[in-house]
**Q** 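Sharing a structure with you now.
Just so you know, these numbers come straight off a predicted model, no measurement behind them. Every chain is numbered from 1, with letters handed out A, B, ... down the list of sequences.
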Amino acid sequence: MLEIKNLHVKLEEEDKQILKGVNLTVEAGKVHAIMGPNGSGKSTLSYVLSGRDGYEVTDGEATLAGEDILEMEPEERAAAGIFLAFQYPVEIPGVGNMTFLRTAVNAQRKARGEEELSASDFLKDVRAKAKTLKIDAEMLKRPVNVGFSGGEKKRNEILQMAMLEPKMCILDETDSGLDVDAMKLVSEGVNALRDEGRGFLVITHYQRLLDHIKPDVVHIMADGRIIKTGGPELALEVENNGYADILAEEGV
Amino acid sequence: MALPERKQSDTDARLAAMTLPEGGCLAEARKAALSRVQTMGLPNRRDEYWKYTRPDTLVQADAPTAAVFDAGEAPMFDEFDRLKVVFVDGVFDAEASDDLSLEGISIERIADICDKDIHWAKDLYGVLEARGQTPVARPLAALNTAFAQDGVVIRVTGTPSKPVNLVYRHGSDSSDAILHHVVRVESGASATILENGPAASRFNKCMEVDVADGGALHLVRAQGRDHERRAATHLFARLGTESVFKAFTLTVNGVLTRNEAVIELTGDDAVAHIAGACVGDGDFHHDDTVFITHDAVNCESRQVFKKVLRNGATGVFQGKILVKEGAQKTDGYQISQSLLLDDDSQFLAKPELEIYADDVACSHGSTSGAIDEEGLFYLRSRGVPTDVAADLLTLAFLAEAVEEIEDDEIAAALVARLEGWLARRR
């Protein structure tokens with residue numbers, strides 16, 4: 001599904017290399033987790049994949065279902081099936097959550113040459129999906145993320161994911177700022193979307209989230225590279241011993 | 001005191017080109033207004049109050065021409081059930097207008113009241129304008145009172161079943177129109193007035209609004225889209241005890257627009273809201289100048305102005321809240337904001353507070369900013385194309401001002417128009 005080869009990325013504004021040759025393949029139907037110390041490049045990877053400004057790809061490639069995504073605009077990547085659940089979802093005063101969702105859903109359908117959803121079909125869909133995430137009608141009416149609690153913001157990200165039905169979901173520290181109950185709710189939302197045709201890349205600091213969203217593969221990232229790959233047991237190892245041993249072992 | 005030479009000659013030149021209409025019962029008011037113009041002189045760029053907006057094209061004897069613009073869409077408010085009063089290039093058009101009779105409201109042409117010796121409007125015509133000349137001179141308003149060619153006097157005595165819509169059509173490339181309206185809302189009465197259209201190549205409009213105790217008036221106007229038109233408008237309002245006055249103006253296009261609002265809260269517990277949204281492109285220059293005087297206890301005033309500017313457009317806001325001695329428990333709020341879509345556009349703001357009471361809550365704020373890049377990326381990352389995302393954020397920016405409109409249907413109609421305009425501009 002998602003294939004990243006030898007990806008090198010530097011900051012546009014300064015001469016600082018962040019990613020130094022990332023290789024990663026996420027197959028459809030699989031959940032990959034990326035863990036790693038602060039500053040290892042995890043969030044940069046998620047931003048580069050979603051097309052945020054400020055980064056320059058100096059080498060390597062990234063494809064989604066065989067299509068080069070690095071040349072695409074963010075909206076084209078979204079239509080192609082990339083979805084980033086933000087670590088810090090953005091507040092947009094004045095734009096209703098419902099308007100935002102409908103605009104996004106229909107923009108993607110249009111970009112893919114599909115018919116736009118009728119108002120009533122959309123409403124039915126959004127209400128059903130919101131309900132499972134315990135998002136009430138009031139929250140749907142409010143401006144996007146404005147005045148939302150940390151947990152509400154993250155649930156709102158998962159609602160967007162559920163509505164947009166992407167091929168490749170990237171979750172950037174979705175567990176940050178969540179209490180135990182909220183984490184459970186968000187994880188259930190993600191698990192409900194696990195599907196044979198869909199890949200997940202879950203970026204997290206903590207094993208905790210991976211108790212709820214069980215990964216197939218765990219990668220450890222450090223200094224702009226993936227230095228170790230293993231099964232779920234790798235996350236447990238990090239939880240128990242920290243990164244020091246692994247880093248030393250891999251000579252970072 | 002003699003006027004500066006240049007101001008004297010400019011004023012003389014303009015006045016020489018005009019004749020005072022036959023006044024009837026308004027003759028004295030017109031003469032007094034003319035003498036105010038002669039004393040004050042017409043504005044020029046040296047006047048502090050015109051520091052950010054050049055008044056010369058509004059003052060000069062010959063109005064600059066302005067092409068009539070075919071917007072290619074139905075006029076604003078067309079979908080509403082309303083009583084239409086139509087002016088073409090500043091002249092009442094009976095054919096195009098509806099029957100002016102409606103329960104709870106009386107509407108008469110100024111021309112028709114002049115031959116009456118006694119008329120309620122006689123005590124109002126030019127009165128609020130004259131009051132509004134201190135502490136800041138507004139000579140174009142006095143010029144209007146003196147020379148207005150047409151206009152209506154509206155008296156609201158009940159709750160009319162539909163709004164009155166003053167429609168200003170632009171017919172000739174060289175029209176120069178002066179309209180003066182007087183509105184009196186009687187105690188406990190309530191009405192909505194809608195205004196729309198470009199009016200003329202050059203338009204000088206003055207509206208005097210007197211809201212008696214417990215009365216309410218809502219005014220919503222959409223200034224016409226003709227690119228080359230020029231307009232100087234004045235709104236003078238006086239509010240009695242527990243009265244409400246809410247005004248909203250949407251401006252799109254127009255090479256020059258100066259909208260002045262002078263509001264006086266004279267009765268306790270009165271509420272005045274004045275808001276505006278404008279979208280300007282290119283050589284567009286838009287100026288909102290507001291002066292609110294609190295002269296009673298426990299009154300509320302709100303000013304909310306939002307401007308979207310691009311391709312070198314200029315926005316101006318001069319807003320003042322004056323709280324007089326004894327006007328305790330005043331709640332005054334003022335915000336003016338601009339969204340600058342490029343580096344060539346500019347927003348010039350002069351917010352002012354002058355307070356002589358010690359138990360008041362007054363706040364003002366003014367900001368200028370570009371489109372929120374974080375928000376833009378967030379929307380794009382969800383698949384929303386850049387231009388659609390930018391429009392969404394632009395509308396969101398204007399929303400706070402549009403929300404000031406009391407009537408949701410009217411607000412929705414304005415938003416729909418804005419959406420269409422933004423989408424077509426792409």
**Q** Identify the heavy atoms of B:R380 and A:A78 that sit nearest to each other, and give their distance.
**A** O-CB, 4.1 Å
**Q** Which one wins on heavy-atom pair count under 4.5 Å against chain A: B:L395, B:L379, B:L398?
**A** B:L379
**Q** Using a distance-only test with no angle check, is there a side-chain donor-acceptor pair under 3.5 angstrom linking B:Y378 and A:Q160?
**A** yes
**Q** Determine the minimum heavy-atom distance between A:A107 and B:V384, stating which atoms define it.
**A** CB-CA, 4.1 Å
**Q** Are there over 12 heavy-atom neighbours, none belonging to A:R127, within less than 6.0 Å of that residue's CZ?
**A** no
**Q** Under a 4.5 Å cutoff for heavy-atom pairs, which residue among A:G94, A:A104, A:P74 has the most contacts with chain B?
**A** A:P74
**Q** Can you tell which of A:E73, A:R77, A:M163 has the highest number of heavy-atom pairs within less than 4.5 Å of chain B?
**A** A:E73
**Q** Answer yes or no: are there more than 12 heavy-atom neighbours, outside A:D15 itself, under 6.0 Å from its atom CG?
**A** no
**Q** If you count the non-hydrogen atoms of other residues, nucleotides and ligands that lie under 6.0 Å from CD in A:E115, is the total more than 12?
**A** no
**Q** What part of A:N145 is in contact with chain B, defined as an atom under 4.5 angstrom from a non-hydrogen atom: side chain, backbone, both or neither?
**A** side chain
**Q** Looking at A:E67, I want to see if its CD is surrounded by more than 12 non-hydrogen atoms of other residues, nucleotides or ligands under 6.0 Å.
**A** no
**Q** About how many Å separate OG1 of B:T386 and CD of A:E75, when rounded to the nearest 0.5 Å?
**A** 3.5 Å
**Q** May I have all residue pairs that pass salt bridge (charged side-chain N to carboxylate O under 4.0 Å, His left out) and include part of residues 164-177 of chain A, sequence neighbours excluded?
**A** A:K129-A:E165
**Q** Counting only non-hydrogen atoms closer than 4.5 Å, can you tell me which residues of residues 41-57 of chain A sit against chain B?
**A** A:S50, A:G51, A:R52
**Q** Think B:R382 forms a cation-pi with A:F83, using NZ or CZ under 6.0 Å from the six-ring centre and within 45 degrees of its axis?
**A** yes
**Q** For atom CG of B:D343, decide whether the heavy atoms of other residues, nucleotides or ligands shown that lie under 6.0 angstrom number more than 12.
**A** no
**Q** Tell me, side chain or backbone of A:V144 under 4.5 Å from chain B's heavy atoms, or both, or neither?
**A** side chain
**Q** Identify the heavy atoms of A:I92 and B:L393 that sit nearest to each other, and give their distance.
**A** CG2-CD2, 3.4 Å
**Q** A quick test of your reading: do over 12 heavy atoms of other residues, nucleotides or ligands sit less than 6.0 Å from CD of A:E27?
**A** yes
